[in-house]
Each structure stands twice: as structure tokens, then as C-alpha cells.
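Report on one structure; see the data block that follows.
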There are 2 protein chains.
Amino acid sequence: MRNLTYGKKLSHKKGSKSQQSEVMYPSENETQLWVSINLLQQKIYRTVDSDLKKNGLPPLRWYDVLWDLERQGEKGRRAFELEKTLLFEQSNLSRLLRKMIDEGLVEELIVSEDRRSKTLKVTMKGIKLRKEMWRTYGPHIHGFMGHMEDEAKLEKTAATLMALLAQN
Amino acid sequence: MRNLTYGKKLSHKKGSKSQQSEVMYPSENETQLWVSINLLQQKIYRTVDSDLKKNGLPPLRWYDVLWDLERQGEKGRRAFELEKTLLFEQSNLSRLLRKMIDEGLVEELIVSEDRRSKTLKVTMKGIKLRKEMWRTYGPHIHGFMGHMEDEAKLEKTAATLMALLAQN
DNA sequence: CTCATATAGATGCGTTTACATCTAATTTGC
DNA sequence: GCAAATTAGATGTAAACGCATCTATATGAG
């Protein structure tokens, strides 16, 4: 496709299982994997995000929050949990939640025994909005991923990336 | 691992090769693949970017520009080419290049026969900086990707994602 | 040739981001 | 039980971002 060596100093001696660990440079395949993840994500994320905007809907990040809260159901979530599972910057999430609460998409309940925080739950309005967002979001995902030949390969690839996520 | 159905309406009838094309919702595996790409990218990108900053180095995006220009060598690049291959927003790239030119990392030459644009080349200083950035960037990539068992799987996964990129 | 359209890049502007810091509540060590 | 350290979340700030618009050049149709 293209030469993407990405910086020289390929320190992988093929065949050696050296778990040298400290200050190792990536192999060409490792780099290629990272580059493709990076480009694919940017392409998809921006496409979806700007299409949402074009349709008068809120940014993609809102979807993640709404969907996570929807899956938690009645027990809800704390902000710091959302932060960790959705990889939010604390301050960004704080401000985002404020906006979503102001718009009635999310409600905060003082039910908690920890008076520093509140429990967050999605409202009916929030669920409705998430579904509406999905109508433009969903097809884009399929549009980008739907070119993969067989379902098995698709599943394997997803599993591989999930494993990488879990290990770090 | 976790239920990540991500919005209901799974329109994939397994086994049918229906190329219905319009307004299709993603299968569960397609969604899972997207979710993992999204999370992995965010995690890695932010880790590297903030580590660069901690080491007094410029943001990750600078690396991409420097590396691309370095690979083009003497023939250089036009801004709009960089924009397409590195997925930059036009205005962001424009301002980024201005900064890099001001810092002497990139030079613009009027050699071109098109007086609207200039040809961009990396300078020696730019090459030096890129190499320095690689010393903190490279090990992170290996740190995230180096958990993959066999090289073959790694290569296949990268190829799969590259193919997805090319198809969109 | 000339006017309309397209392309390359710059710039104004409002929003979002990351980072540092702050307040308040909770947990821990002694 | 109390001071020190930790944790949850809010907020100020500068930089980066996406979008719309602008200038200048190039291309294309008649």
C-alpha cells in the first residue's frame, strides 16, 4: 500500500522473544496497526460528528454518555465511572454533563451516600434523543465497516483490538 | 467482555449477502470493531500527546507532518496533499504549518508553477526534532501494541484496517 | 477572450479541549 | 478522633479545533 515505517529504529529482532520491556521501539507491523487505527478513527469520528451537526443533532460524545447511562438503567452512574469507561477528560465531562442536565437529557440524583457526587441517570428525553442520533450514527458505522468480507474476520479483528484495550 | 450492542436495530440477517446499501444499521461485530478502534485511538493518542508535552516536545500532529515531509524528500509536498493524506482540517493545517515554518522546521518554496501554493519541505532542524519526538513516541506504540502474541496476527489485523481505510 | 466556476490557502469566530487549580467530602494513619 | 492525604467534581485559562468566509490564482465553457 505505502511505506509507513514511521521513524526507523526497528528494534524487533524477529524470532527472539526478548521481553526486554524498557524503551523498545515498535516493529513495522505494530506501527502500521497504530497508523491505521489512528487514521480510521479520525475519518469515521469526524464524518459522523459533522453529519450529526448537519442534522441539527448534538456531538458524538453525547451519544456515548446517553448510551452508557441507558444501559445502566435504574442504578445509574457516577461521573467518575463514565470518565473511566468512556475515556473522558474530567473537566470536559463535567461541563458536558452540566449542559446535558440543563437540557433535561440527564438527571442527577443525590441518592448517594457520598455527598461529593451525584448519581446520573438518563431521562426519557435523553433516550429519545439517543435513538434519534442513532438514525444518523448507525448507518455510518455500517458504511465504514460493512466492506469486510466475512463475519468471522470481522469478529476476530474486533476481539483483537478489544484485547489490546484490556491489556493497557 | 461487555455488552456493547450500541443502539439496537441490528439489521444484519446473518447469511444473507444483501447489498441493500441504503440506510443499513451495523451488526454487533461491526459496532464492536468501531468501538474498540475509537477507544484504542483515544487512549493511545492522548497518552502519547501528553507525554510529548511533558517532555517539552510539540504535539503529536507535528510528528505526522514532519515524517510525511521527510519521506517526500526533495520533491516536497503541497499543503493540500498533506491535508488529504494526514486527514487535517484545512484551516488547522494552515495554521500549524505557519507555526512550523516560523520555527524553522519546515520551509516553503515558491518553485511551483501554481502561484496559489508553495512546496513544503522539512528542514534539518525539522528532521532532528522528529527523531527526538520518536524517542518518546515510538516506545509508546510498542507499549500498546507489543502485547500481541504472534506477528502474523498483528500483520493481518493491520492489513484488515488498512483495507477498510482504502475502501472509504 | 471573458465570465463563471473551481481550487489553494488564510483568517475571523465561537466552541471544545487539556491542564492546572480549587472546593468540598471522604478515607487513612497514628 | 484528628490531621494529612486522597477523591469527586467545578472552574479559569490558553491553545486547538471545526466551520464559514475571504482573497488570489487557475481552469473551463461559450
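Keep in mind it's a predicted model, so treat the numbers as computed, not measured. Each chain gets a letter, A, B and so on, in the order its sequence line appears, and its residues count up from 1. We use all heavy atoms of the structure for the numbers below, so side chains are in, but hydrogens, waters and symmetry mates are not.
Look at CZ on A/Phe88: it is 14 Å from P on D/dG9, rounded to the nearest Å. One interatomic measurement links the two molecules: CD1 of A/Ile101 to P of D/dG9, which rounds to 11 Å at whole-angstrom precision. Here D/dA10 presents its C1' atom at 14 Å from CG of A/Asp102, a figure rounded to the nearest Å. Per the geometry, CG belonging to A/Leu86 stands 13 Å off P belonging to C/dT17, to the nearest Å. Separating the OH atom of A/Tyr45 from the C1' atom of D/dG18 is a distance of 12 Å, rounded to the nearest angstrom. As a whole-Å value, the separation of A/Leu60 CG from C/dT17 P is 11 Å. In this structure, the CG atom of A/Leu96 is 13 Å from the C1' atom of C/dT15, given to the nearest Å. Look at CZ on A/Arg46: it is 12 Å from C1' on D/dA16, rounded to the nearest Å.
Map B/Trp62 and A/Asp49 each onto its nearest nucleotide of DNA chain D; the residue landing nearer the 5' end is B/Trp62. Comparing A/Arg115 and A/Lys99 by the nucleotide of DNA chain C whose heavy atom lies nearest to each, the residue mapping closer to the 5' end is A/Lys99. Comparing A/Glu113 and A/Arg61 by the nucleotide of DNA chain C that holds the closest heavy atom to each, the one mapping nearer the 5' end is A/Arg61.
Residues that satisfy the salt bridge (Lys or Arg N to Asp or Glu O under 4.0 Å) test with A/Glu108, not counting sequence neighbours, are A/Arg98.
No donor-acceptor pair under 3.5 Å is formed between the side chain of B/Lys121 and the backbone N or O of B/Leu69.
With rounding to the nearest 0.5 Å, the separation of OG1 in A/Thr136 from OH in A/Tyr63 is 10.0 Å. With rounding to the nearest 0.5 Å, the separation of CZ in A/Arg135 from OH in B/Tyr25 is 6.5 Å.
Between B/Ser27 and A/Leu154 the shortest side-chain heavy-atom distance falls below 4.5 Å.
No contact: A/Lys54 has no heavy atom under 4.0 Å from any strand.
B/His140 and B/Asp51 make their closest contact through NE2-OD2, 2.7 Å (heavy atoms, listed as atom of the first residue, atom of the second, distance).
Hydrophobic clustering, with ILVMFWY side chains joined whenever heavy atoms are under 4.5 angstrom apart, groups B/Leu161 together with B/Leu87.
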Given protein heavy atoms under 4.0 Å, the one-letter contact record of nucleotides 3-12 of chain C, with B base, S sugar-phosphate only and - none, is simply ----BSBBBB

